[in-house]
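The structure appears below as C-alpha cells.
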Amino acid sequence: MTDDDSLKLGWVEWCSLPVLGLPALKVKVDTGAKTSALHAFTVEPFGPASKPKVRFGIHPIPEKPEIEVYCSADVVDRREVTSSNGETEMRYVIETPIQMGDHEWPIQITLSDREGMSYHMLLGRQALSAYPGDGEPQVLPSMSYQQPSLDYDVYDKITKKPPTKRSLRIGVLTREPKSYSTKRLVEAAEAREHVVELIDTRRCYMLINAGKPEVHYDGRALPIYDAIIPRIGASITNYGTAVTRQFEAMGCYCVNGSHAIAVSRDKLYAHQLLAREGIGMPTTAFASSPQDNKSLIDLMGSPPIIVKLLESSQGKGVVLADTKKAAESVVGAFRGLKADFLVQQFVKEAGGEDIRCLVIGGKVVAAIKRTAAPGDFRSNLHQGGSASVVRITKEERETALAAAKVLNLGMAGVDLLRSNDGPKVLEVNSSPGLEGVETASGKDIAGLVIEAIEKRVSSYVRRRRRARAA
C-alpha cells in the first residue's frame, strides 16, 4: 500500500461501532492520547468472574442526551487511566471493531462517564497502531472529515433493522428458583450467552423518587436490567406488580408489564375488557349484595354452573355446582368468607377439555389440549389433568391472539373452550408454566421467550423524558 492509499484521518471523523449497535458516532482523533475512550454512563459489570461482561449506556448524539443506546461487551481488562485533565480512574476495557469508510479493524476502548464532552468518543495511539494496513493511518490535524460522512438519523430507524446481538442482563422475578419454568428460562438464556439473575420478589424493597427510582435487594441497589421476566404468584400479585412497576420506572423492559399482570389477575376486569372487544367467553355474572344470589344464579340458566373465586389459579377456588340448590350453597359459603367470586356458564360440550395457547411476542407458538382427570371437570395440569399436542383452527388462533393483545401481554397462556358456537376464552394467564407445553409439544418454549426479548432489547434505543423545569 502506497502513501496515497493509506487511511487518512482528520482531527474529527465519523465512525461506527457495529458490534455495539452504534451505527454513527463522531470521534475525536487524538494522537496525544494513548488509549481510546467511549464516554459511557451507568457502566456496570455483570456475569461470572471467569468471563466478566460490562453493560453501559451511551448518548450517541451529544446534543440530544435524551437518546440513549444500551450496549454490552466482554471485559478484556481493567486498568488505571489518566485523562487529559490529570484525573486518574480505573476503567473497564473492551475490544470491538471500528468502521471508518471502507476500513474496519479491532480496537480496545476504555469506558468512562464523562458526560458533557463535545465528542463522545476519543481515538488514541493504540487504536491507530492496531490498524492492519501498511502503516498507521495518516492523521491530518488541520483537516476534518476525510472519511465518508454518516448521519445521526440512523438512530430513528435502528429498531426497524435486524437487532444487534449482544449479551443481555436479564432478571427473573420469582419465588420458585428451582421450578421447571425458572430453570428452563435460565438454561435458554445462558445458551445464548446471556446472564440471568434470579430475584425473590418478596425480598425486593423500593426507593421511590423522581430523580432515580431504585429497587433494593439484600442491602444493595439492583442494576438496570436489559429485561425483566415477571413470574409472580397469585398470592403476591399486588406486591409483585408494584416491584415490576418500579423496574419499569427504571427503564427496564418487562416481558409483561405491571398493569397487564394486574388486569389478567382480576378475572372480572379481564372478562369485562374481553367482552368489550367482542371476544367470545362463557356467559359470566357478578354481584355484590347477598340479596342478589338467586338472581345471579338464574342468569346462568339451567345448571350445572361454575362458581369461581376472582383470584383463583391452577384450578383452585373453582367449583362446579350441578343444581341450583348446590349453587346457592356454594355462593352462600363464598359470601360467608367475604370472598369475591363470579358465576359462569358451564360449557358441557367441551367435555372436560380445554386448549392452552401459548402466545409470545404476538404469535401463538404452541398449543396443547388439556384433559381433566377422571371424575374431575378441571383440566389444569396442577389438578391431575393430562396434556397432548393439538392442532388449532384459524378462529382459535385469532381468538388467542386477540385476548393477549387486549390485555397487553407479551407472554400469555390463553385457555380456550371448544363450544358449539366457537372458541370461548376461559382465562388468560400472565405467568404460564412451561413444563406441560414443552413436554407435550416438544418445542423449546423457553428459547422462544428469550428470542422475543432479544428482538426487543438487543438494539435498544430509549428516548428519555426530559426532567421538568423547577
Side-chain angles (χ1 to χ4, degrees), residues 9-45 54-73 75-76 79 81-101 103-128 130 137 139 141 144-159 164 166 224 251 459-467:
L9 302 176
W11 71 273
V12 60
E13 293 288 348
W14 283 98
C15 77
S16 65
L17 304 176
V19 172
L20 296 182
L22 297 168
L25 288 171
K26 286 184 179 179
V27 55
K28 180 180 179 183
V29 182
D30 188 352
T31 56
K34 180 180 179 181
T35 58
S36 301
L38 194 60
H39 302 314
F41 63 91
T42 317
V43 180
E44 295 175 332
V54 65
R55 181 187 186 275
F56 56 94
I58 178 172
H59 299 134
I61 309 174
E63 300 82 13
K64 294 184 177 181
E66 68 273 15
I67 296 181
E68 303 173 344
V69 178
Y70 292 87
C71 316
S72 59
V75 175
V76 298
R79 67 177 68 133
V81 177
T82 302
S83 63
S84 57
N85 59 11
E87 294 182 357
T88 299
E89 65 175 340
M90 291 295 294
R91 298 184 187 175
Y92 290 100
V93 183
I94 64 172
E95 184 170 292
T96 190
I98 184 173
Q99 286 184 350
M100 303 182 90
H103 306 265
E104 178 178 324
W105 72 101
I107 64 170
Q108 290 192 354
I109 308 176
T110 65
L111 303 175
S112 176
D113 187 352
R114 298 177 64 194
E115 194 61 41
M117 304 293 290
S118 299
Y119 299 97
H120 284 186
M121 183 173 170
L122 186 73
L123 197 66
R125 295 194 309 273
Q126 288 180 337
L128 297 174
V139 181
S144 60
Y145 303 115
Q146 299 300 293
Q147 296 302 307
S149 295
L150 301 175
D151 197 312
Y152 285 139
D153 287 346
V154 292
Y155 291 101
D156 293 326
K157 307 169 186 175
I158 196 170
T159 54
T164 300
R166 63 183 178 92
I224 298 176
S459 297
Y460 183 36
V461 178
R462 175 189 177 202
R463 282 164 176 77
R464 184 183 57 188
R465 289 179 295 180
R466 292 181 180 273

### Query
Rounded to the nearest 0.5 Å, what separation is found between the CG atom of Leu123 and the CG atom of Leu38?
11.5 Å
### Query
Of the non-hydrogen atoms in Pro45 and Tyr92, which two are nearest, and what is the gap between them?
CG-OH, 3.2 Å
### Query
Could you give the distance from CG (Leu128) to CD1 (Ile107), rounded to the nearest 0.5 Å?
9.0 Å
### Message
Restricting to side chain to side chain donor-acceptor pair (under 3.5 Å), what partner residues turn up for Thr96, sequence neighbours left out?
### Response
none
### Task
Under the side-chain contact (heavy atoms from CB on, under 4.5 Å) rule, collect the residues that match up with Ala37, sequence neighbours excluded.
His39, Arg91, Thr110, Leu122
### Task
For Ser36, enumerate each residue passing the side chain to side chain donor-acceptor pair (under 3.5 Å) test, keeping only those at least two apart in sequence or located in another chain.
none
### Message
If the condition is side-chain contact (heavy atoms from CB on, under 4.5 Å), which residues does Gln146 pass it with, not counting sequence neighbours?
### Response
Glu13, Leu140, Met143
### Task
Show your working on side-chain contact (heavy atoms from CB on, under 4.5 Å) between Ile67 and Tyr152 and close with a plain yes or no.
CA-CA 11 Å; Ile67 296 181; Tyr152 285 139; over 6 Å; no
### Message
Which heavy atom of Leu150 sits nearest to which heavy atom of Cys15, and what is that distance?
### Response
CD1-O, 3.5 Å
### Query
Sequence neighbours excluded, which residues qualify as ring-ring contact (aromatic ring centres under 6.0 Å, His included) partners of Tyr119?
Trp11
### Task
Drop me the distance from Gln99's CD to Ser16's OG, to the nearest 0.5 angstrom.
4.0 Å
### Contacts of Thr35 that satisfy side chain to side chain donor-acceptor pair (under 3.5 Å) - sequence neighbours left out
none
### Query
Going from CG on Leu17 to CD on Glu104, what distance comes out if it is rounded to the nearest 0.5 angstrom?
10.0 Å
### Short side-chain to backbone donor-acceptor contact, His120 and His59, under 3.5 Å
yes
### Query
With Arg125, which residues qualify under salt bridge (charged side-chain N to carboxylate O under 4.0 Å, His left out), at least two apart?
none
### Query
Roughly how far, to the nearest 0.5 Å, is CG of Leu111 from CZ of Arg55?
13.0 Å
### Message
Do Leu22 and Cys71 have side chains that approach each other closer than 4.5 Å (heavy atoms only, starting at C-beta)?
### Response
yes
#### Entry: Minimum side-chain heavy-atom gap Leu20-Ile58 below 4.5 Å
no
### Task
Over all heavy atoms of both residues, which pair between Ser144 and Val12 is shortest? Give the atoms and the distance, please.
CB-CG1, 3.5 Å
### Task
Applying side-chain contact (heavy atoms from CB on, under 4.5 Å), name anything that partners Asp151, two or more places apart in sequence or on another chain.
Asp153
### Query
Going from CZ on Arg166 to OH on Tyr70, what distance comes out if it is rounded to the nearest 0.5 angstrom?
10.0 Å
### Query
Side chains of Ile109 and Met121: closer than 4.5 Å at any heavy-atom pair?
yes
### Task
Keeping the roles fixed (side chain from Tyr155, backbone from Ala24), state whether a donor-acceptor pair exists under 3.5 Å.
yes
Donor-acceptor pairs under 3.5 Å, side chain of residues 26-34 to any protein atom, not counting sequence neighbours: which ones?
| residue | atom | partner | partner atom | Å |
| --- | --- | --- | --- | --- |
| Asp30 | OD1 | Gly32 | N | 2.9 |

### Pairing residues for Gln108 by the side-chain contact (heavy atoms from CB on, under 4.5 Å) criterion, not counting sequence neighbours
Val76, Arg79, Val93, Glu95
